[in-house]
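Everything numeric in this text was worked out from a predicted model, so none of it was measured.
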Amino acid sequence: MAATEKTTDVLIAGAGPSGLMLANWLAKLGVDAILVDGKSGPTHESRALGVQARTMEIYDQLGVVDQVLDEAYIAQGVAPGYEEKPFGFVRFANIGTGVSPYPHLYILEQSRSEELLYSNLQRLNGDVLWRHRLEELQEESADDGGSRVVATLQGPDGPVRIRSRYCVGTDGPSSAVRKLRGIDFEGRTNQHTFFVADAAGVEGLVPTSINLRFGRDFFLLTFPMGSGGHNRLLGVVPHGPDDSAEGVAESSIRPMLQEVFGVTYDSTSWFSTYRLHHRVAARFVDGPVMLAGDAGHVHSPVGAQGMNTGLQDSHNLAFKLAAVLKGEAPASYLKRYETERRPVALRLTNTTDRLFAVVTSNKPVLRAVRRFLPRVVAPVLLRILPRSSGRSRLFEYLAQVRIHYWMDEAARERAQGQRDRVVGRRLPWTGQNFEALKTTKWMAHVYGEVAEDRLQSLRDELDVEVQQFPAAPSKDLDGGKVLLVRPDGFVVAAAYPDQAAAEFAAALKGHIGS
């Protein structure tokens with residue numbers, strides 16, 4: 001049977017959260033893309049749960065945040081403990097007040113996130129080629145002297161061949177795109193087997209909170225998922241480290257939860273076991289092929305960072321693909337995607353790997369730390385954190401709003417390794433300025449009182465739209481500088497008004513390339 005032929009600018013392989021997010025943003029930015037997946041539709045399992053503030057900001061810019069808020073559940077705090085005994089409740093609802101318009105940790109099942117993104121993609125006149133499995137991926141010469149990707153897929157009606165300028169693999173940890181390109185997936189696999197269960201009627205936990213319980217040989221991490229004692233339970237399977245994850249029954253988990261942690265439940269809607277991997281792809285950009293989400297990095301569920309990191313990969317990459325395909329930037333600009341996002345994945349993977357090693361180690365010293373540290377730390381956090389200035393810094397790290405990118409190749413050397421508080425970071429929120437990001441354009445931001453003639457001069461001198469905002473309460477925006485803001489909300493440069501035109505031109509040249 002002859003293959004059906006299709007052409008597009010971007011082929012996205014994998015319609016999980018990252019693929020759906022990328023397809024949404026490319027559609028919003030006017031880029032032709034085809035999204036394919038071997039599944040028959042969005043996932044039905046809950047899978048990832050936590051939605052961090054930075055992701056909520058991206059949902060807001062996309063125009064779907066109200067739908068997420070309607071369905072999301074807010075975690076009220078964290079309750080550390082040892083075995084059946086909690087040692088307090090550290091409240092962190094509203095911990096991000098003043099930092100983000102979304103100051104909580106939001107709980108929304110991955111299945112619902114996918115459904116929301118899929119529905120929005122259809123509203124943007126996009127869709128998914130479901131039941132189309134990628135089998136081959138090749139390059140061929142294009143008429144303009146470059147190359148393009150030729151993908152062969154097997155669909156329900158036979159083979160399909162898609163030619164595209166670029167291909168993005170968002171097809172998960174077992175990524176066919178990554179394997180077909182021969183890209184190494186570097187890292188390690190934890191020796192233990194873990195279980196995950198979505199349970200109803202759970203008792204023995206501090207309600208509405210993330211519970212973290214340590215034990216001599218086990219640990220238990222839980223996330224609230226709604227009323228009726230609905231919780232996500234994660235922990236170590238009670239058998240030897242050399243045993244396979246295959247065939248582990250839920251019935252072997254229940255006795256351990258009750259005997260060690262005093263936790264019981266009525267029923268589960270999902271139960272699975274898995275081995276935990278901490279891996280990062282050797283390359284995120286390989287010629288005209290890119291990786292995003294779990295295809296590029298996998299790690300533990302600690303901190304609810306995984307899905308959020310993938311969604312932010314796609315947000316970052318969409319604007320770069322759009323700029324290149326619209327002729328606003330050279331093809332080399334796509335390499336900046338790897339320069340920015342791969343270090344984020346490496347830091348996250350290394351951090352969660354070390355943390356999980358401490359949590360699961362059988363070393364006597366670390367067992368003692370797990371037993372006594374919650375007793376000491378929980379009461380201190382309970383008293384100090386709600387009033388501490390460090391609470392916002394903690395939120396910034398967990399919510400992924402403190403990520404920093406070097407905006408050109410020489411920036412680190414010029415700054416002698418000192419990261420700026422504003423440049424290279426997501427625009428500080430002032431209560432009003434994020435609405436402007438919905439234009440998805442480059443812009444300059446001015447804060448505070450500026451003489452009208454000076455403001456008009458800026459508008460005449462700069463090649464981007466100039467937006468003026470009231471004086472910002474954030475100390476990071478003090479100093480009277482004008483900010484050059486990317487369409488994705490990251491600050492590329494800051495300069496005093498008299499030097500803005502020259503400094504912004506140089507910054508753009510260094511950032512995008514000629």
Student: When Gln400 is tested against each of Arg426, Gln52, Gln305, Arg54 for side-chain hydrogen bond (donor to acceptor under 3.5 Å, both in side chains), which residue passes?
Tutor: Gln305

Student: Less than 4.5 Å apart, any side-chain heavy atom of Leu137 and any of Cys167?
Tutor: yes

Student: Is the closest side-chain heavy-atom distance between Ser272 and Phe195 below 4.5 Å?
Tutor: no

Student: Looking only at side chains, do His277 and Thr189 share a donor and an acceptor under 3.5 Å apart?
Tutor: yes

Student: Any non-hydrogen side-chain atom of Leu234 less than 4.5 Å from a side-chain atom of Phe223?
Tutor: yes

Student: Which pair of heavy atoms, one from Trp25 and one from Ala318, lies closest together, and at what distance?
Tutor: CB-CB, 3.5 Å

Student: So Thr193 and Arg275, do their side chains get closer than 4.5 Å, heavy atoms only?
Tutor: yes

Student: Might you work through the side chain to side chain donor-acceptor pair (under 3.5 Å) test for Asn350 and His299, ending with a clear yes or no?
Tutor: CA-CA 9 Å; Asn350 291 335; His299 41 81; over 6 Å; no

Student: To the nearest 0.5 Å, tell me how far Leu311 CG sits from Ser113 OG.
Tutor: 7.5 Å

Student: Ignoring hydrogens and geometry, is there a side-chain-to-backbone donor-acceptor pair from Thr97 to Asn94 under 3.5 Å?
Tutor: yes

Student: Is it the case that the side chain of Thr222 and the backbone of Asn211 share a donor-acceptor pair, with hydrogens and angles ignored and the cut-off at 3.5 Å?
Tutor: yes

Student: Can you give me the closest heavy-atom contact between Val36 and Ile34, atom names plus distance?
Tutor: CG1-CG2, 3.8 Å

Student: Main chain of Leu20, side chain of Asn24: is a donor-acceptor contact present, judged purely on distance under 3.5 Å?
Tutor: yes

Student: For Met307 versus Val51, what's the shortest heavy-atom pair and its separation?
Tutor: CE-CG2, 4.2 Å

Student: Around atom CD of Glu413, are there more than 12 heavy atoms of other residues, nucleotides or ligands at under 6.0 Å?
Tutor: no

Student: Using modelled atom types and a 3.5 Å cut-off, is there a donor and acceptor pairing between side-chain atoms of Ser164 and backbone atoms of Tyr166?
Tutor: yes

Student: How far does CD of Glu57 sit from OG of Ser100, to the nearest 0.5 angstrom?
Tutor: 3.5 Å

Student: Taking side-chain contact (heavy atoms from CB on, under 4.5 Å) as the test, write out the residues that go with Asp286, two or more places apart.
Tutor: Arg181, Ile183, Arg283

Student: Can you tell me which residue among Arg342, Arg279, Arg178 is in a salt bridge (charged side-chain N to carboxylate O under 4.0 Å, His left out) with Glu186?
Tutor: Arg342

Student: Tell me, with the steps shown, if Tyr496 and Glu503 meet side-chain contact (heavy atoms from CB on, under 4.5 Å).
Tutor: CA-CA 9 Å; Tyr496 291 107; Glu503 292 197 23; over 6 Å; no

Student: Find the distance between OH (Tyr447) and NE2 (His445) and round it off to the nearest 0.5 Å.
Tutor: 5.0 Å

Student: Under a 4.0 Å threshold between the charged nitrogen and the carboxylate oxygen, would Arg336 count as salt-bridged to Glu340?
Tutor: yes

Student: Is it true that the side chains of Gln61 and His315 contain a donor and an acceptor less than 3.5 Å apart?
Tutor: yes

Student: Please report the shortest heavy-atom distance between Leu220 and Leu233, naming the atom on each side.
Tutor: CD1-CB, 4.3 Å

Student: Keeping Asp420 on the side-chain end and Val422 on the backbone end, is there a donor-acceptor pair under 3.5 Å?
Tutor: yes

Student: Does Val237 reach the side chain of Phe194, with side-chain heavy atoms less than 4.5 Å apart?
Tutor: no

Student: Which heavy atom in Ala295 sits nearest to a heavy atom in Phe185, and how many Å separate them?
Tutor: O-CE1, 3.8 Å

Student: Between the main-chain N or O of Asn316 and the side-chain N or O of Asp488, is there a donor-acceptor pair closer than 3.5 Å?
Tutor: no

Student: Output yes when Arg133 and Asp37 qualify as a salt bridge under the 4.0 Å nitrogen-oxygen rule, no when they do not.
Tutor: no

Student: Has Asp9 got a side-chain atom pairing as donor or acceptor with Leu325's backbone, closer than 3.5 angstrom?
Tutor: no

Student: Has Thr8 got a side-chain atom pairing as donor or acceptor with Asp32's backbone, closer than 3.5 angstrom?
Tutor: yes

Student: Could you grab the distance from atom CG of Leu427 to atom CZ of Phe434, nearest 0.5 Å is fine?
Tutor: 5.5 Å

Student: Should Leu26 and Leu35 count as side-chain neighbours, where that means a heavy-atom distance under 4.5 Å?
Tutor: no

Student: If only side-chain N and O atoms count, and only distance matters, is there a donor-acceptor pair under 3.5 Å linking Arg341 with Tyr405?
Tutor: yes

Student: Would you compute the distance between atom CG of Asp294 and atom OG1 of Thr170 and round it to the nearest 0.5 angstrom?
Tutor: 10.0 Å

Student: Hey, mind stepping through Arg486 and Trp442 against side-chain contact (heavy atoms from CB on, under 4.5 Å) and telling me if it holds?
Tutor: CA-CA 5 Å; Arg486 288 192 325 198; Trp442 284 84; 3.5 Å; yes

Student: Should Leu108 and Leu49 count as side-chain neighbours, where that means a heavy-atom distance under 4.5 Å?
Tutor: no

Student: Is the charged tip of Lys320 near the ring of Tyr333: under 6.0 Å from the six-membered ring centre and within 45° of its axis?
Tutor: yes

Student: Just one of Asp463, Leu484, Leu483 clears the side-chain contact (heavy atoms from CB on, under 4.5 Å) bar with Phe504, so which one?
Tutor: Leu484

Student: Has Glu435 got more than 12 heavy atoms of other residues, nucleotides or ligands less than 6.0 Å from its CD?
Tutor: no

Student: When you compare the side chains of Asp66 and Tyr59, does any donor N or O come within less than 3.5 Å of an acceptor on the partner?
Tutor: no

Student: Can a side-chain donor-acceptor contact be found between Gln467 and Glu465 if the only test is distance below 3.5 angstrom?
Tutor: yes

Student: Going by atom types alone, do Ser147 and Glu139 pair a side-chain donor with an acceptor below 3.5 Å?
Tutor: yes

Student: Can you find a heavy atom in the side chain of Leu134 that is under 4.5 Å from one in the side chain of Leu180?
Tutor: yes

Student: Tell me if a side-chain donor or acceptor on Lys326 pairs with a main-chain N or O of Leu29 at a distance below 3.5 Å.
Tutor: yes

Student: Once you round to the nearest 0.5 Å, how far does CG of Leu212 lie from CG of Leu221?
Tutor: 6.0 Å

Student: Taking salt bridge (charged side-chain N to carboxylate O under 4.0 Å, His left out) as the test, write out the residues that go with Glu109, two or more places apart.
Tutor: none

Student: Test your reading of the model: is there a side-chain donor-acceptor pair from Asp313 to the backbone of Gly293, 3.5 Å cut-off?
Tutor: yes

Student: How about Glu114 and Gln110: does a side-chain donor come under 3.5 Å of a side-chain acceptor?
Tutor: yes

Student: Evaluate the side-chain contact (heavy atoms from CB on, under 4.5 Å) criterion for residues Val289 and Val149: first the C-alpha distance (whole Å), next the side-chain angles of each, then the deciding distance (0.1 Å), finally the verdict.
Tutor: CA-CA 8 Å; Val289 177; Val149 181; 4.1 Å; yes

Student: I'd like to check the side-chain contact (heavy atoms from CB on, under 4.5 Å) partners of Arg425; sequence neighbours left out, ordered by chain and number.
Tutor: Arg402, His404, Arg419

Student: Would you please test Tyr106 and Leu69 for side-chain contact (heavy atoms from CB on, under 4.5 Å) and show each step?
Tutor: CA-CA 8 Å; Tyr106 301 84; Leu69 288 170; 3.8 Å; yes

Student: I need the minimum non-hydrogen distance between Phe469 and Ala436, along with the two atoms involved.
Tutor: CZ-CB, 4.0 Å

Student: Does the side chain of Tyr102 come under 3.5 Å of the side chain of His104 through a donor N or O and an acceptor N or O?
Tutor: no

